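Everything on this sheet refers to the single structure shown next.
Everything quoted here is computed from the prediction, not taken from an experiment.
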Amino acid sequence: MKIAIMGAMPEEVEPFLVGSDEPLSKDFIVQESLDYGANRYHLARYKDLEIVLAYSKIGKVYSALTAATMLEHFGCEMLLFSGVAGAVNPKLKIGDLIAATKLCQHDLDITAFGHPPGYVPEGKIYVEPSPELLAVAKEVARERGIELQDGIIATGDQFIADPERKAWIAETFDADAIEMEGASVAVVCDALEVPFFVLRAISDAADMGATFDFDEFLKHSSRRSSSFILAMLEKIGQA
């Protein structure tokens with residue numbers, strides 16, 4: 001089993017790397033790092049699992065490119081996404097973990113042609129991750145006493161810090177959190193029939209304070225998300 005682990009920013013994958021400030025595990029061993037398609041990929045092992053680790057850079061295009069490369073070029077058979085998101089659901093607080101049950105693109109708009117927001121012909125509004133991986137995540141959360149929320153994550157090529165836009169996304173897509181990569185990764189995995197899972201730690205409230213909150217809590221939230229993904233790897237490796 002070769003597993004892709006990806007984030008969007010260096011901070012979202014850094015906790016896995018020995019040599020970073022506080023690596024999560026000395027059992028996560030990078031064997032080779034190489035450049036491909038204007039990006040860097042780390043070929044690693046975690047115990048008996050073969051891992052490809054990378055951050056894509058921010059946005060839907062870069063994340064789709066990285067996901068496709070990990071699956072098609074490096075041959076990964078599963079993808080786990082770890083990162084941060086802004087809260088849309090007021091019940092979500094900074095540091096909370098949310099597992100996507102559905103993902104959509106809030107900035108995909110051909111409503112002028114009579115289609116609903118987020119829909120493109122021959123596509124669909126929502127893409128759903130692997131039920132099996134969601135079950136693994138819930139099992140990890142239960143065994144480790146971690147509170148794991150689940151819900152709809154909306155993706156777009158905008159950092160949302162506007163209350164009106166936030167309210168529109170929440171109402172239109174019944175969204176719980178917003179970010180800039182998850183749905184594009186989901187579309188790639190869904191098209192190639194590769195099981196995937198998207199986990200986000202809440203780093204801001206997607207409001208007027210988002211630019212301040214994001215920088216302050218990015219590192220902490222990224223580590224929390226990465227730590228949970230590592231626990232999922234442990235469980236997957238035991239299967």
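- Listed by chain and residue number, Phe74 satisfy the ring-ring contact (aromatic ring centres under 6.0 Å, His included) test with Tyr41 (two or more places apart in sequence, or in another chain).
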Side chain to side chain contact (heavy atoms under 4.5 Å, CB included) between Met6 and Phe81, intermediate numbers included: CA-CA 5 Å; Met6 69 175 287; Phe81 192 105; 3.5 Å; yes

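- Asp35 meets the salt bridge (charged side-chain N to carboxylate O under 4.0 Å, His left out) test with Arg40; sequence neighbours excluded.
- Shown here for Ile153 and Ala100, the closest heavy-atom pair between the two residues is CD1-CB, 3.7 Å.
- Closest approach of Ala170 to Val88, counting heavy atoms only: CB-CG1, 3.1 Å.
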Chi angles and distances behind the side chain to side chain contact (heavy atoms under 4.5 Å, CB included) call for Lys138, Asp150: CA-CA 9 Å; Lys138 290 179 180 179; Asp150 57 27; 3.6 Å; yes

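- Cluster membership for Tyr36 and Met70, using ILVMFWY side-chain heavy atoms within less than 4.5 angstrom, is shared.
- Taking 4.5 Å as the limit, every side-chain heavy atom of Cys76 sits out of range of all side-chain heavy atoms of Val194.
- Taking Glu11 as the reference, nothing meets the side chain to side chain donor-acceptor pair (under 3.5 Å) condition, with sequence neighbours excluded.
- Looking only at side-chain heavy atoms (C-beta outward), Val198 and Pro129 stay at 4.5 Å or farther from each other.
- Annotation: side chain of Tyr62 is not in contact with side chain of Asn39 (no heavy-atom distance under 4.5 Å).
- Contact of the Val140 side chain with the Leu148 side chain is not registered, since no non-hydrogen atoms from C-beta on lie closer than 4.5 Å.
- One distance of note links CG of Leu53 with CD of Glu12; it measures 11.5 Å at 0.5 Å rounding.
- Tracing side-chain contacts under 4.5 Å through hydrophobic residues (I, L, V, M, F, W, Y), one never reaches Val187 starting from Leu108; they form parts of separate clusters.
- Summarising the local packing, CD of Gln31 is surrounded by more than 12 heavy atoms from other residues, nucleotides or ligands at distances under 6.0 Å.
- Using a 4.5 Å heavy-atom cutoff, the side chains of Ile3 and Leu79 are not in contact.
- A continuous path of hydrophobic side-chain contacts links Ile58 to Phe159 [ILVMFWY only; heavy atoms under 4.5 Å].
- Using a 4.5 Å heavy-atom cutoff, the side chains of Leu103 and Val185 are not in contact.
- Among pairs with a residue in residues 79-91, none fulfils salt bridge (Lys or Arg N to Asp or Glu O under 4.0 Å), at least two apart in sequence or across chains.
- Here the CD1-CG distance, from Ile202 to Leu92, works out to 5.0 Å after rounding to the nearest 0.5 Å.
- Listed by chain and number, the residues in a salt bridge (charged side-chain N to carboxylate O under 4.0 Å, His left out) with Glu50 are Lys2 (sequence neighbours excluded).
- Atom CD of Gln238 has more than 12 heavy atoms from other residues, nucleotides or ligands within 6.0 Å.
- Atoms CG and CE, on Leu233 and Met78 in that order, are 9.0 Å from each other to the nearest 0.5 Å.
- Side-chain atoms of Arg142 do not come within 3.5 Å of backbone N or O of Gly145 as any donor-acceptor pair.
- Residue pairs meeting the side-chain hydrogen bond (donor to acceptor under 3.5 Å, both in side chains) criterion with at least one partner in residues 173-189, sequence neighbours excluded, are Ser63-Ser184, Asn89-Asp176, Thr155-Glu179, Glu179-Arg200, Glu181-Arg200.
- Minimum heavy-atom separation, Ala183 to Gln105: CB-CG, 3.8 Å.
- Taking CG of Leu230 as the reference point, atom CZ of Arg223 lies at 10.0 Å (rounded to 0.5 Å).
- Residue pairs that meet the salt bridge (Lys or Arg N to Asp or Glu O under 4.0 Å) test with at least one member in residues 224-239, sequence neighbours left out, are Lys47-Glu234, Glu139-Lys235, Glu143-Lys235.
- Here the side chains of Ile51 and Phe16 are not in contact, with every heavy-atom distance at 4.5 Å or above.
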Please set out all donor-acceptor pairs under 3.5 angstrom arising from side-chain atoms of residues 111-127, sequence neighbours excluded.
residue : atom : partner : partner atom : Å
Thr111  : OG1  : Asp109  : OD1          : 2.6
Lys124  : NZ   : Asp190  : OD2          : 3.1
Tyr126  : OH   : Phe173  : O            : 3.0

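- Atom CZ of Arg165 sits about 9.0 Å away from atom CD1 of Ile178, to the nearest 0.5 Å.
- For Arg144, there are no side chain to side chain donor-acceptor pair (under 3.5 Å) partners, not counting sequence neighbours.
- Residues meeting the side chain to side chain donor-acceptor pair (under 3.5 Å) test with Lys102, sequence neighbours left out: none.
- Considering every non-hydrogen atom in both Ala54 and Val13, the closest pair reads O-CG1, 3.5 Å.
- You'll find the side chain of Asp96 stays beyond 4.5 Å of the side chain of Glu147, heavy atoms only.
- Residues Leu134 and Ile236 fall within the same hydrophobic cluster, defined by Ile, Leu, Val, Met, Phe, Trp and Tyr side chains chained together at heavy-atom separations under 4.5 Å.
- Minimum heavy-atom separation, Phe228 to Ala137: CZ-O, 3.2 Å.
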List the steps and the verdict of side chain to side chain contact (heavy atoms under 4.5 Å, CB included) for Leu43 and Val52. CA-CA 5 Å; Leu43 310 185; Val52 180; 4.0 Å; yes

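- Closest of all the heavy-atom pairs between Met232 and Leu80 is CE-CD2, 4.5 Å.
- Residues Leu192 and Leu65 are members of separate hydrophobic clusters, defined by side-chain heavy-atom contacts under 4.5 angstrom among Ile, Leu, Val, Met, Phe, Trp and Tyr.
- Atom CG of residue Asp27 and atom CD1 of residue Ile29 lie 6.5 Å apart, to the nearest 0.5 angstrom.
- Ser225 pairs by the side chain to side chain donor-acceptor pair (under 3.5 Å) definition with Ser82, not counting sequence neighbours.
- Applying the salt bridge (Lys or Arg N to Asp or Glu O under 4.0 Å) test to residues at least two apart or on different chains, the pairs with a partner in residues 58-86 are Lys60-Asp107.
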